[in-house]
2 protein chains.
Amino acid sequence: MGFCDNCVVRNRAICAALDSTEIQALNAIGRRRKLEPGQSLLWEGEDSVLVANVIEGVLKLSTGTSDGREQIVGVVYPSDFIGRPFGKQTAHSVTALTDATVCVFSRTDFDSFAREHPALEHKLLQRTLSELDRTRQWMLVLGRKSASERIAAFLLDMSERLVEPGCVTLPDEPHQTFDLPFSRQQVADVLGLTIETVSRQFTKLKTEGVIDLPSRRSVTILNREELEDRAG
Amino acid sequence: MGFCDNCVVRNRAICAALDSTEIQALNAIGRRRKLEPGQSLLWEGEDSVLVANVIEGVLKLSTGTSDGREQIVGVVYPSDFIGRPFGKQTAHSVTALTDATVCVFSRTDFDSFAREHPALEHKLLQRTLSELDRTRQWMLVLGRKSASERIAAFLLDMSERLVEPGCVTLPDEPHQTFDLPFSRQQVADVLGLTIETVSRQFTKLKTEGVIDLPSRRSVTILNREELEDRAG
DNA sequence: CGGGGACTTGACGGCCTTCAATGAGAGTGG
DNA sequence: CCACTCTCATTGAAGGCCGTCAAGTCCCCG
């Protein structure tokens, strides 16, 4: 008996495609690993040595230019899949934003296992297709939207994704108040802006009564409709 | 006997995963369709009714805001796969940039067929994973790069992708001269810029001897190293 | 209470957009 | 063959949004 039996994402991660015999076999080639905020699991450009499922926490996928500019290209939550199966190189770094627990596999072990279990590959395909849609949708934000539109779109996106099981929300106003797993700089890195612009847009929305900022990391949406209008 | 037997992308598209018996079955549920430049195959937000393989030509994937701003989120070439299998909605429009031929399937027919042919799903998974990597890489361009860096990165990307089989290149300088399948406006829509900025950056590169512009749609790279430096 | 990092706020400048006019090519018909 | 037209591309001028640089403020944590 292994970790999988009492895994909180057992029925939501790609593992849900497997029966109890199969999951034991998968369990045998995986191991759990804990990460602290700021700790990386994969580095851009390195060989693709491992893949993983997110069990707990939030992680960022990022790339950067040679002169230090950074862009966050994805954010993963519990039950999401990490890494590049069937490929030699990792195209982006993966770094924990919060305390996180992941279920790690050697990439080659996982590749072999997946090839023998089409149902698992099917789940992974569905996830990858959804992620591709989501990523392309975000290109519209980066390519065509103003700073205020970006912030509004970002807050709406966060409010939707942080209510999924496994992510903390305050008890009283479940969909309206949430804690960002990002610093201001990281928000800037998601949106392709500077930290100062992000800060100014946050305070502007607060001043105009669209949101409230109870603490550094937390946000309350006071007027969702208005925020949706501003998202463009 | 059907179209597949003499299909020019038979060995490069996801169909390469199938043996001759299987390909006959796939052939039975597909049909060919020709598209003219500007003609769309799928529309953003519509039900996902069909998927396709590109046989010939170049097509764009695009989305836009309600007030008419457009962003091209992907470009597909011969042997690439189009559409959203296993999903209800199409997240972006698909429009031909050149004369194009595609091999079309009903989405539900394709879904059933794919589920019965793991090797096909595996090919599709590999393609989708590569496309996701490529798309995320492009987010760095949209989020963090200046106009001149974007143009340089774009020209280098084009020079690499347009030499693939099925795309026309001039005989004398295979990798250095190529015809863009884009108008200036479409280049702007790929890069998240305006047509004027694109035009100015093109003429700047020409003036400084990095590229030449023999005609409206064609580009010659005179100094690739310099272009790589400018891509950031 | 005091240090240090994260965040905010302000002033200024530059890059890109916007608006507008000119120029170049391709196709058409006289 | 050449005016004519229409579209696409180029070029110019001006303005605005956001980045940069620099203080100042707020918290968190020791």
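Computed over heavy atoms, backbone and side chain alike; hydrogens, waters and symmetry mates excluded. A, B, ... follow the sequence lines: proteins, then strands. Residue 1 opens every chain.
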Say whether, by atom type as modelled, one donor and one acceptor occur between the side chain of [X] and the main chain of [Y] under 3.5 angstrom.
{"X": "Arg184(B)", "Y": "Ser199(B)", "value": "no"}
{"X": "Thr220(B)", "Y": "Ile211(B)", "value": "no"}
{"X": "Gln201(B)", "Y": "Val198(B)", "value": "no"}
{"X": "Thr197(B)", "Y": "Leu193(B)", "value": "no"}
{"X": "Glu160(B)", "Y": "Asp157(B)", "value": "no"}

Set of side chain to side chain donor-acceptor pair (under 3.5 Å) partners for Ser106(A), sequence neighbours left out: Thr108(A)
Quick one, which residues of [range] touch DNA chain C with a heavy atom under 4.0 Å?
{"range": "residues 144-155 of chain B", "value": "Ser146(B), Ala147(B)"}
{"range": "residues 190-203 of chain A", "value": "Glu196(A), Ser199(A), Arg200(A), Thr203(A)"}
{"range": "residues 205-212 of chain A", "value": "none"}

Do you see a donor-acceptor pair shorter than 3.5 Å between the side chains of Arg84(B) and Ser130(A)? yes
Is a side-chain donor-acceptor pair under 3.5 Å present for Ser159(A) with Arg224(A)? yes
Donor-acceptor list for residues 31-41 of chain B side chains, cut-off 3.5 Å, not counting sequence neighbours:
unit_1: Gln39(B); atom_1: OE1; unit_2: Glu36(B); atom_2: N; d: 2.8
unit_1: Ser40(B); atom_1: OG; unit_2: Thr95(B); atom_2: OG1; d: 2.8

Run the side chain to side chain contact (heavy atoms under 4.5 Å, CB included) check on Val102(B) and Ile55(B) step by step: do they pass? CA-CA 5 Å; Val102(B) 294; Ile55(B) 296 171; 5.9 Å; no
What is the nucleic acid contact for Ser183(A), judged by heavy atoms within less than 4.0 Å: base, sugar-phosphate only, or nothing? sugar-phosphate
Restricting to nitrogen or oxygen on both sides, can you table the protein-nucleotides 1-5 of chain C pairs closer than 3.5 Å?
unit_1: dG5(C); atom_1: N2; unit_2: Arg216(A); atom_2: NH2; d: 3.4

Applying ring pair (Phe, Tyr, Trp, His ring centres under 6.0 Å) to Phe202(B) and not counting sequence neighbours gives none
Where chain B begins and ends its contact with DNA chain D, read 5' to 3' at 4.0 Å from heavy atoms: dC8(D) to dA13(D)
On a heavy-atom basis, the closest approach of Val190(B) and Gln71(B) is O-NE2, 3.0 Å
Rounded off to whole Å, could you give me the [atom1]-to-[atom2] distance for the [X] and [N] pair?
{"X": "Leu180(A)", "N": "dC7(C)", "atom1": "CG", "atom2": "P", "answer": "10 Å"}
{"X": "Asp67(B)", "N": "dT17(C)", "atom1": "CG", "atom2": "C1'", "answer": "14 Å"}
{"X": "Gln185(B)", "N": "dT18(C)", "atom1": "CD", "atom2": "P", "answer": "11 Å"}

Five-pair end axes of the helix from dC1(C)-dG30(D) to dG30(C)-dC1(D) and the angle they enclose, rounded to 10°: 30°
Out of Leu59(A), Val51(A), Ile82(A), which residue meets the side chain to side chain contact (heavy atoms under 4.5 Å, CB included) rule with Leu42(A)? Ile82(A)
Test: salt bridge (Lys or Arg N to Asp or Glu O under 4.0 Å). Region: [range]. Which pairs qualify, not counting sequence neighbours?
{"range": "residues 91-104 of chain B", "value": "none"}
{"range": "residues 139-148 of chain B", "value": "Asp189(A)-Arg144(B)"}
{"range": "residues 37-54 of chain B", "value": "none"}

Applying salt bridge (Lys or Arg N to Asp or Glu O under 4.0 Å) to Arg200(A) and Glu196(A), what does each step give before you reach the verdict? CA-CA 6 Å; Arg200(A) 274 186 259 267; Glu196(A) 295 93 334; 5.7 Å; no
For this output row, return yes or no: ring centroids of Phe182(B) and Phe154(B) closer than 6.0 angstrom. yes
